[in-house]
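Reviewing the structure listed below.
All values below come from the heavy atoms of this structure, side chains included, with hydrogens, waters and symmetry mates left out.
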Amino acid sequence: MKRSVSDLAVFGGRPEFLNPILVGQPNNIDRRRFFDRMNWALDNQWLSNGGPLVQEFEERVADLAGVRNCVATCNATAALQLYARAARLTGEIVMPSMTFVATAHAMRWLGLKPVFCDVDPLTGCLDVPQVEAVLTERTAAILGVHLWGRACPVDDLEKLAAERGVPLFFDAAHAIGCSFSGRPVGGFGAVEVFSFHATKVVSAFEGGAVVTDDDELAGQIRALHNFGIGPYGHEAGGTNAKLSEAGAAMGLTSLDALPEAARRNEENYELYRAELDELPGVGLVEFDRRERNNYQYVIVTIDESVTGIGRDLLQELLAAEKIVTKRYFSPACHELEPYRTENPVGLPHTEALARSVLAVPTGTRTTAEDIRRVCGVIRFAVTEGRTVRERWRRRENKENAAADHRRED
């Protein structure tokens with residue numbers, strides 16, 4: 001327990017944790033099931049090229065998403081690009097800047113131009129009037145992001161896309177097992193894309209998937225992800241974006257664990273909320289309780305005008321305590337190169353949100369005691385925020401003066 005500012009590790013105190021606790025730690029799985037699947041694949045001698053485990057994984061993901069088709073891929077970036085190729089998109093892709101930069105990079109890599117628009121300050125997802133304001137004759141598609149598992153305003157986006165005659169698709173990297181209006185995420189827009197990266201609530205080590213009810217589009221994507229082989233010809237030819245049997249073995253085992261992982265994540269979320277409740281200047285991003293959510297992210301917001309300590313300094317203090325947090329997502333895409341230079345734009349809601357959010361550790365490896373200790377450090381740091389900030393500034397000034405003196409010598 002921190003009793004004085006000097007107890008903070010950043011000022012020489014003992015760290016709260018001996019071993020780091022992290023955002024995005026892999027969830028617990030049944031290793032026996034995983035190795036049984038791997039041994040079966042090795043005995044079966046079918047390790048890639050759409051083997052039985054990949055086929056089973058695709059069926060289970062499609063069922064969870066409530067759609068007819070799933071094409072498993074090596075990662076979600078490739079999945080986004082496969083749709084863009086299959087749909088023959090050219091021109092501008094309207095998307096939020098409040099997302100991992102891979103969403104924008106995936107489009108830019110194909111020669112498409114990301115056009116960023118502002119978000120709803122409450123949800124962090126696309127704000128429909130902001131989308132409408134940036135649509136032009138050059139718009140090729142609208143790309144929504146279900147941020148932190150909270151679904152976009154799907155109905156309004158689908159209506160706008162239909163009225164303007166542009167395709168709509170979704171980056172659902174955070175949102176497997178989530179819902180909108182009681183329907184599973186996965187069946188909205190032309191396609192939705194999941195991520196099965198090691199940090200996600202469902203992991204295939206590294207993987208992704210395109211899910212859709214459009215049978216012909218799914219057929220084109222399936223061919224494109226396998227060197228263009230298949231009944232659907234395409235001027236793009238094809239690439240190699242397949243998921244391996246090893247990845248599918250992990251994905252299937254992770255799917256087995258999803259109900260328990262989501263349950264534990266929700267418990268963690270509720271404990272964070274109870275521990276940080278009514279702490280001035282500190283909030284927790286809320287989820288719509290009418291919908292399903294996997295709760296894989298617990299997002300804390302920091303209001304420096306109230307706490308006296310900014311998000312970035314708080315992150316530094318937590319890191320010294322071996323509490324490793326993430327700024328999901330800061331800087332926002334439009335504040336990063338090459339977008340900052342190529343297409344400078346001001347997005348006030350995005351920028352305010354990006355400056356204030358911090359993802360804190362959760363997942364099946366995070367215990368209730370871990371969370372209480374994390375929250376204890378946060379409570380102390382923000383309660384003593386102005387004192388902490390002043391001491392940090394004095395230390396920085398001292399270090400800068402020492403550096404200047406060394407340069408003079």
Side-chain angles (χ1 to χ4, degrees), residues 27 50 53-73 75-76 78-80 82-83 86-87 103 123 125-126 141-162 167-197 200-204 207-222 225 243 247-248 251-263 265-266 287-297:
N27 284 315
L53 293 179
V54 168
Q55 294 174 39
E56 182 184 353
F57 183 62
E58 289 179 337
E59 290 169 1
R60 286 184 60 180
V61 170
D63 183 64
L64 184 60
V67 296
R68 291 191 299 272
N69 304 287
C70 169
V71 181
T73 60
N75 55 56
L80 288 167
L82 287 164
Y83 167 70
T103 309
T123 68
C125 295
L126 281 178
I142 300 167
L143 170 51
V145 177
H146 302 310
L147 186 65
W148 308 315
R150 300 197 301 188
C152 291
V154 171
D155 291 342
D156 291 338
L157 285 171
E158 288 185 332
K159 180 181 178 182
L160 175 62
L168 170 68
F169 64 118
F170 292 98
D171 179 335
H174 297 175
I176 191 163
C178 301
S179 70
F180 174 80
S181 293
R183 292 174 54 195
V185 168
F188 303 115
V191 304
E192 301 207 53
V193 166
F194 292 130
S195 171
F196 303 118
H197 186 267
K200 297 299 189 290
V201 68
V202 174
S203 164
V210 183
V211 291
T212 182
D213 268 326
D214 187 325
D215 298 337
E216 183 175 351
L217 184 59
Q220 292 184 29
I221 291 169
R222 187 171 298 281
H225 100 308
L243 183 69
L252 287 165
T253 310
S254 192
L255 279 174
D256 294 339
L258 176 58
E260 173 63 13
R263 185 189 68 79
N265 286 345
E266 186 173 8
F287 297 99
D288 188 338
R289 296 314 180 96
R290 297 167 298 181
E291 304 290 354
R292 293 189 303 281
N293 201 287
N294 56 42
Y295 292 94
Q296 70 173 311
Y297 296 106

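Summarising the geometry of A151 relative to F180, their closest heavy-atom pair is CB-CB, 3.7 Å, with the distance given to 0.1 Å.
A donor-acceptor contact shorter than 3.5 Å links the side chain of N294 to the backbone of I176. At distances below 3.5 Å, not a single donor-acceptor pair connects side-chain atoms of N27 with backbone N or O atoms of S254. Remark: the backbone N or O of V211 is not paired with any side-chain donor or acceptor of E192 at under 3.5 angstrom. Checked by atom type and distance alone, the side chain of Q296 never pairs as donor or acceptor with a backbone atom of N265 at under 3.5 Å. At distances below 3.5 Å, at least one donor-acceptor pair connects side-chain atoms of R222 with backbone N or O atoms of C70. Between the R292 side chain and the S179 main chain, no donor and acceptor come within less than 3.5 Å of each other.
Within the model, atoms OH of Y297 and CZ of R150 stand 14.0 Å from one another, a figure rounded to the nearest 0.5 Å. Rounded to the nearest 0.5 Å, atoms CD (E58) and CG (L252) are 10.5 Å apart. The distance from the CZ atom of R183 to the CG atom of D155 is 8.0 Å, given to the nearest 0.5 Å. Annotation: the span from H174 atom NE2 to L147 atom CG amounts to 6.5 Å, rounded to 0.5 Å.
H146 and F170 have parallel rings, their planes meeting at less than 30° on a 0 to 90° scale where 60° marks the start of perpendicular. Taking the six-membered ring for Trp and thresholds of 30 and 60 degrees, Y83 and F169 have ring planes inclined between 30 and 60 degrees apart.
Each of D214, D213, D215 was scored for a side chain to side chain donor-acceptor pair (under 3.5 Å) with N69, with one residue passing: D215.
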### Residues L143, D171; criterion side chain to side chain contact (heavy atoms under 4.5 Å, CB included); working and verdict
CA-CA 7 Å; L143 170 51; D171 179 335; 4.2 Å; yes
### Task
Begin with the C-alpha distance, continue with both residues' side-chain angles, and end with the deciding distance and a verdict on side chain to side chain contact (heavy atoms under 4.5 Å, CB included) for I142 and L126.
CA-CA 10 Å; I142 300 167; L126 281 178; 4.1 Å; yes
#### Entry: Stepwise side chain to side chain contact (heavy atoms under 4.5 Å, CB included) test for V61 and V202
CA-CA 10 Å; V61 170; V202 174; over 6 Å; no
### Message
Determine whether F188 and L168 satisfy the following criterion, side chain to side chain contact (heavy atoms under 4.5 Å, CB included), listing intermediate values before the conclusion.
### Response
CA-CA 9 Å; F188 303 115; L168 170 68; over 6 Å; no
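Shown here are the side chain to side chain donor-acceptor pair (under 3.5 Å) partners of D288, two or more places apart in sequence or in another chain: R290.
The existence of a salt bridge linking E260 and R263 is confirmed by a sub-4.0 Å separation between a basic side-chain nitrogen and an acidic carboxylate oxygen. Under the 4.0 Å criterion applied to side-chain N and carboxylate O atoms, D256 and R60 are assigned as salt-bridge partners.
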